[in-house]
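Report on the structure given below.
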Amino acid sequence: MLQLNTIRENREAVIAGLERKYFKDATVTVDKVLDLDKQRRQTQQELDGALAQANGLAKQIGQLMKEGKKEEAEVAKAQTAELKTRSKTLEEDLKVLENEQNALLVLLPNLPHQSVPPGRTPEENVEFYAWGEKPTLPQNAKPHWELIEEKNIIDFKLGTKITGAGFPVYKGKGARLQRAMIQFFLDEANKAGYLEVQPPILINAESGFGTGQLPDKEGQMYHATADDLYLIPTAEVPITNLYRDVIVAENELPVKMAGYTPCFRREAGSWGAHVRGLNRLHQFDKIEIVQIRKPAESYGALEEMAEHVKGLLQKLELHFRIIRLCGGDMGFASALTYDFEVWSGAQARWLECSSVSNFETFQANRLKLRYKNPETGKTELLHTLNGSALALPRIVAAMLENNQQPDGSIKIPQVLVPYCGFDSI
RNA sequence: GGAGAGAUGGGUGAGUGGCUGAAACCAGCAGUUUGCUAAACUGCCGUACUGGAAACGGUACCGAGGGUUCGAAUCCCUCUCCCUCCGCCA
């Protein structure tokens, strides 16, 4: 959530930022917020004045009673009646204004960083780094959805029976490969100084609000209505929320956490022709890294996280590129996002496998995640960041397709062999 | 699921209607003293909104939401959470 102060003091810049994110009616909405803000403050002043008077009278009455001046006390009591009705009305007005203002604020996305390229669609994202080369596949190369069936390692039909479409069952070497990758990614995160955490995978509405999934992406999450809990779409939500309502001691910064969880996405309405196989699932596994940083350090941390993800893909020997998302393609809460895409040889296209973002104070403002700045002595919002390191299914898809051998076997990257205990499928 | 107990500032913990935004202690910060460290002493030490250039004010907050009262941390109601015992159980 944007801070009111920011909007008050930088109206034009805020509007411009919202427009770069293609937020509809930016000017109208911002001005409406500012107008409500003015009304709200005025109402609060009136209310505070009325309450201050009432408090003064109450004190007098207490004094008079003590002194036995009963009649004078009664007179003062009569005066409070009018103040009471007035403050009640003002209180209601204030609540209405606050609610209206909040309802608008909550809908405003984060402002993009200066380096975010202009543009509205994925075509306008900017590639700025690439590693490796497109692999030369054997003549009889197949897409991963054929390979997994042929090798009997991932079974979509069984998943459909148990749950529904998009819930694959991993079997044999397929299951062992999943486990190996999870372990590998977590080990790498530990080596990079991240504290490993295992959070709940059901979250309450407050947590969903804290990181910005609610109310923006309500329809994307599975909702267990009996208990009003949501299945997490990413470990970002429970892990970042560990620091909700926290004033972090300066010597505990930076906070770096990593965790593995299954992730659940309804992906309502997004099923189409090129979401076959592992390209898009309702349930998948992901290792997430999260950092909490002082504002001045957060963009350095973003680069550090990107380096970490690069390292993982290089160790897995996968051809990949990094793109800077354009304003229109970026997420609601993000100020700057790098997407990592692996090359999927048999599909001959890029697959997103990681997204690393700096949210600046956007989440921290919702989370009330702060620290005491020793320079100013003030309590100030921190910056939050997160990234996938990595999401499994598309890595598996790329690995299976790119590593096909002429004899029909699939080579496992060297770094994973000790983890899974086999070197080919 | 049954029975009981509780929720106060970073921590421990006082506080049953006005003198309490909140004692005391610990931790923390600044200083005095001091070969160094330690100890001792003095002061400061919650959050949010809001007025003000600032100094300095106003309001709200003692789990959450309602209520009683001129006045509520304190009384009443509802909810949430936590703890203990019992039952069930991976």
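Residue numbering restarts at 1 for every chain, and letters A, B, ... go by the order of the sequence lines.
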| Phe332(A) six-ring face occupied by Lys217(A) cation (under 6.0 Å, within 45°) | no
| Pairwise P distance, rG21(B) and rG46(B) [rounded to whole Å] | 15 Å
| field | Inter-residue atom distance Leu147(A).CG - Ser409(A).OG, 0.5 Å rounding | value | 11.0 Å
| query | Given that both distances must come in under 3.5 Å, which nucleotide forms a Watson-Crick or G-U wobble pair with rA7(B)? | reply | rU80(B)
| Which value, in whole Å, describes the distance between the P atoms of nucleotides rU37(B) and rA23(B)? | 32 Å
| said: Heavy atoms only, 4.0 Å cut-off, all strands: where does Leu57(A) land among base, sugar-phosphate and nothing? | reply: nothing
| task | Compare the minimum distances between each of rU59(B), rU50(B), rC70(B) and the side chain of Asp48(A), then state the nucleotide with the smallest one. | result | rU59(B)
| request: Check the distance between rC49(B)'s C1' and Gln39(A)'s CD and give it to me in whole angstrom. | output: 17 Å
| So does Lys84(A) get a side-chain nitrogen or oxygen closer than 4.0 Å to the phosphate oxygens (OP1/OP2) of rU69(B)? | no
| said: Please classify the nucleic acid contact of Ala76(A) as base, sugar-phosphate, or nothing, using heavy-atom distances under 4.0 Å. | reply: nothing
| said: Classify Lys95(A) by what it touches in the nucleic acid, base, sugar-phosphate, or nothing, heavy-atom distance under 4.0 Å. | reply: sugar-phosphate
| query | Using atom P of each nucleotide, how far apart are rC61(B) and rG9(B) to the nearest Å? | reply | 15 Å
| Inter-nucleotide P distance (rC88(B), rC76(B)), Å rounded | 36 Å
| field | rG43(B) pairs with, by Watson-Crick or G-U criteria that keep both distances under 3.5 Å | value | rC29(B)
| Nearest-neighbour nucleotide for the Arg41(A) side chain, rG51(B), rG18(B), rU47(B) considered | rG51(B)
| message | Any carboxylate oxygen within less than 4.0 angstrom of a Lys/Arg side-chain nitrogen, looking at Lys77(A) and Glu74(A)? | response | yes
| message | If I pick the C1' atom on rU20(B) and the same atom on rG71(B), what distance separates them, to the nearest angstrom? | response | 13 Å
| Integer angstrom distance from the C1' of rC45(B) to that of rA27(B) | 11 Å
| field | Distance in angstrom units between Gln3(A) CD and rC49(B) C1', rounded | value | 14 Å
| Using atom C1' of each nucleotide, how far apart are rC26(B) and rC19(B) to the nearest Å? | 27 Å
| remark: In Watson-Crick or G-U wobble terms, with both distances under 3.5 Å, the base opposite rA53(B) is none
| Think Arg370(A) has a side-chain N or O under 4.0 angstrom from the OP1 or OP2 of rG46(B)? | no
| request: For rC25(B) and rG35(B), measure between their P atoms and round to the nearest Å. | output: 29 Å
| said: Distance check needed: rG28(B) P versus Ile247(A) CD1, whole Å only. | reply: 18 Å
| request: Output the single nucleotide from rG71(B), rG67(B), rG58(B) whose closest atom is nearest the side chain of Ala52(A). | output: rG58(B)
| request: By nearest nucleotide on RNA chain B, pick out whichever of Thr379(A) and Gly56(A) is the more 5' one. | output: Thr379(A)
| said: Any heavy-atom pair between the side chains of Leu281(A) and Phe156(A) that's under 4.5 Å? | reply: yes
| Are Lys191(A) and Asp187(A) within salt-bridge range, i.e. N to O under 4.0 Å? | no
| request: Quick one: closest heavy-atom pair of Arg176(A) and Gly421(A), and the distance? | output: NH2-O, 4.3 Å
| request: Would you please confirm or rule out a distance under 4.0 Å between OP1 or OP2 of rG71(B) and any side-chain N or O of Asn55(A)? | output: no
| note | Answer for the Watson-Crick or wobble partner of rA48(B), both distances under 3.5 Å, is rU59(B)
| request: Could you tell me whether the side chain of Asp31(A) reaches within less than 4.5 Å of the side chain of Asp35(A), counting heavy atoms only? | output: no
| Under a 3.5 Å cut-off for both distances, is rU74(B) Watson-Crick or wobble paired, and to whom? | none
| request: Describe the nucleic acid contact of Gln45(A) in one word from base, sugar-phosphate, nothing, applying a heavy-atom distance below 4.0 Å. | output: sugar-phosphate
| note | Here the distance between atom C1' of rG21(B) and atom NZ of Lys59(A), to the nearest Å, is 11 Å
| query | What nucleotide among rC70(B), rU59(B), rC49(B) has an atom nearest to a side-chain atom of Met65(A)? | reply | rC70(B)
